[in-house]
S.K.: 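Pasting in a structure now, in C-alpha coordinates, and then I'll have a few things to ask.
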Amino acid sequence: MSARDEIILVLPRDRAAPEPGTPVKLAGYAHESWLLDQEGSVFERLVLQTCQEAGFTPKVI
(Lines give C-alpha, C1' and ligand atoms only; values in the text may rest on other atoms or scores of the structure.)
Protein backbone atom coordinates (compact mmCIF):
# COMPACT_ATOMS: atom_id res chain seq x y z
CA MET A 1 0.00 0.00 0.00
CA SER A 2 1.31 3.47 -0.82
CA ALA A 3 0.57 6.68 1.02
CA ARG A 4 -0.69 9.83 -0.67
CA ASP A 5 -0.49 13.32 0.74
CA GLU A 6 -2.28 16.30 -0.70
CA ILE A 7 -0.30 19.34 -1.73
CA ILE A 8 -2.34 22.52 -1.69
CA LEU A 9 -1.92 24.99 -4.53
CA VAL A 10 -2.43 28.61 -3.47
CA LEU A 11 -2.56 31.21 -6.22
CA PRO A 12 -2.86 35.00 -6.40
CA ARG A 13 -6.42 36.27 -6.80
CA ASP A 14 -5.77 37.36 -10.38
CA ARG A 15 -4.73 33.84 -11.44
CA ALA A 16 -7.43 31.42 -12.58
CA ALA A 17 -7.58 28.38 -10.32
CA PRO A 18 -8.33 24.85 -11.49
CA GLU A 19 -11.47 23.13 -10.26
CA PRO A 20 -10.98 21.67 -6.76
CA GLY A 21 -9.55 18.16 -6.93
CA THR A 22 -8.27 18.62 -10.48
CA PRO A 23 -4.66 17.48 -10.97
CA VAL A 24 -2.38 20.24 -12.27
CA LYS A 25 0.83 20.18 -14.28
CA LEU A 26 3.58 21.76 -12.19
CA ALA A 27 5.35 23.07 -15.28
CA GLY A 28 2.39 25.39 -15.78
CA TYR A 29 3.48 27.18 -12.62
CA ALA A 30 7.20 27.32 -13.39
CA HIS A 31 7.18 31.12 -13.77
CA GLU A 32 5.43 31.66 -10.41
CA SER A 33 7.10 32.37 -7.08
CA TRP A 34 6.96 29.42 -4.70
CA LEU A 35 6.67 29.25 -0.91
CA LEU A 36 7.95 26.02 0.59
CA ASP A 37 8.32 24.43 3.97
CA GLN A 38 11.42 24.86 6.13
CA GLU A 39 14.66 24.69 4.18
CA GLY A 40 15.99 21.13 4.11
CA SER A 41 12.66 19.55 5.08
CA VAL A 42 11.42 16.36 3.48
CA PHE A 43 8.57 18.33 1.86
CA GLU A 44 10.94 20.91 0.39
CA ARG A 45 13.18 18.20 -1.07
CA LEU A 46 10.14 16.40 -2.50
CA VAL A 47 8.81 19.56 -4.19
CA LEU A 48 12.21 20.53 -5.58
CA GLN A 49 12.78 17.03 -6.97
CA THR A 50 9.29 16.86 -8.46
CA CYS A 51 9.71 20.27 -10.11
CA GLN A 52 13.09 19.25 -11.52
CA GLU A 53 11.48 16.11 -12.96
CA ALA A 54 8.87 18.41 -14.55
CA GLY A 55 11.68 20.35 -16.22
CA PHE A 56 12.18 23.42 -14.08
CA THR A 57 13.61 24.75 -10.83
CA PRO A 58 11.06 26.75 -8.85
CA LYS A 59 11.80 30.32 -7.81
CA VAL A 60 11.50 29.93 -4.03
CA ILE A 61 10.88 33.13 -2.09
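The structure presented is a predicted model; accordingly, all values stated were derived computationally and were not measured.
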S.K.: List the residues meeting salt bridge (charged side-chain N to carboxylate O under 4.0 Å, His left out) with Glu32, not counting sequence neighbours, and say none if there are none.
M.R.: Arg15
S.K.: Is Leu11 linked to Trp34 within one hydrophobic cluster, defined over Ile, Leu, Val, Met, Phe, Trp and Tyr using a side-chain heavy-atom separation of less than 4.5 Å?
M.R.: yes
S.K.: Let me have the donor-acceptor pairs involving side chains of residues 52-61, under 3.5 Å, with sequence neighbours excluded, atom names and distances please.
M.R.:
from: Glu53; atom 1: OE2; to: Gln49; atom 2: NE2; distance (Å): 3.0
from: Lys59; atom 1: NZ; to: Ser33; atom 2: OG; distance (Å): 3.3

S.K.: Suppose clustering is done on Ile, Leu, Val, Met, Phe, Trp and Tyr with side-chain heavy atoms closer than 4.5 Å. Which residues sit in the same group as Val42?
M.R.: none
S.K.: Can Leu26 be reached from Phe43 by stepping across I, L, V, M, F, W or Y side chains whose heavy atoms are under 4.5 Å apart?
M.R.: yes
S.K.: Checking the side chain of Thr22 only, and the main-chain atoms of Pro18 only, is there a donor and an acceptor separated by less than 3.5 Å?
M.R.: no
S.K.: For a quick test of reading the model, state the closest non-hydrogen atom pair linking Gly28 to His31 and the distance between them.
M.R.: O-CE1, 3.5 Å
S.K.: Rounded to the nearest 0.5 Å, how far apart are CD of Glu39 and CG of Leu48?
M.R.: 9.5 Å
S.K.: Once rounded to the nearest 0.5 Å, what's the spacing between atom CG of Leu36 and atom SG of Cys51?
M.R.: 7.5 Å
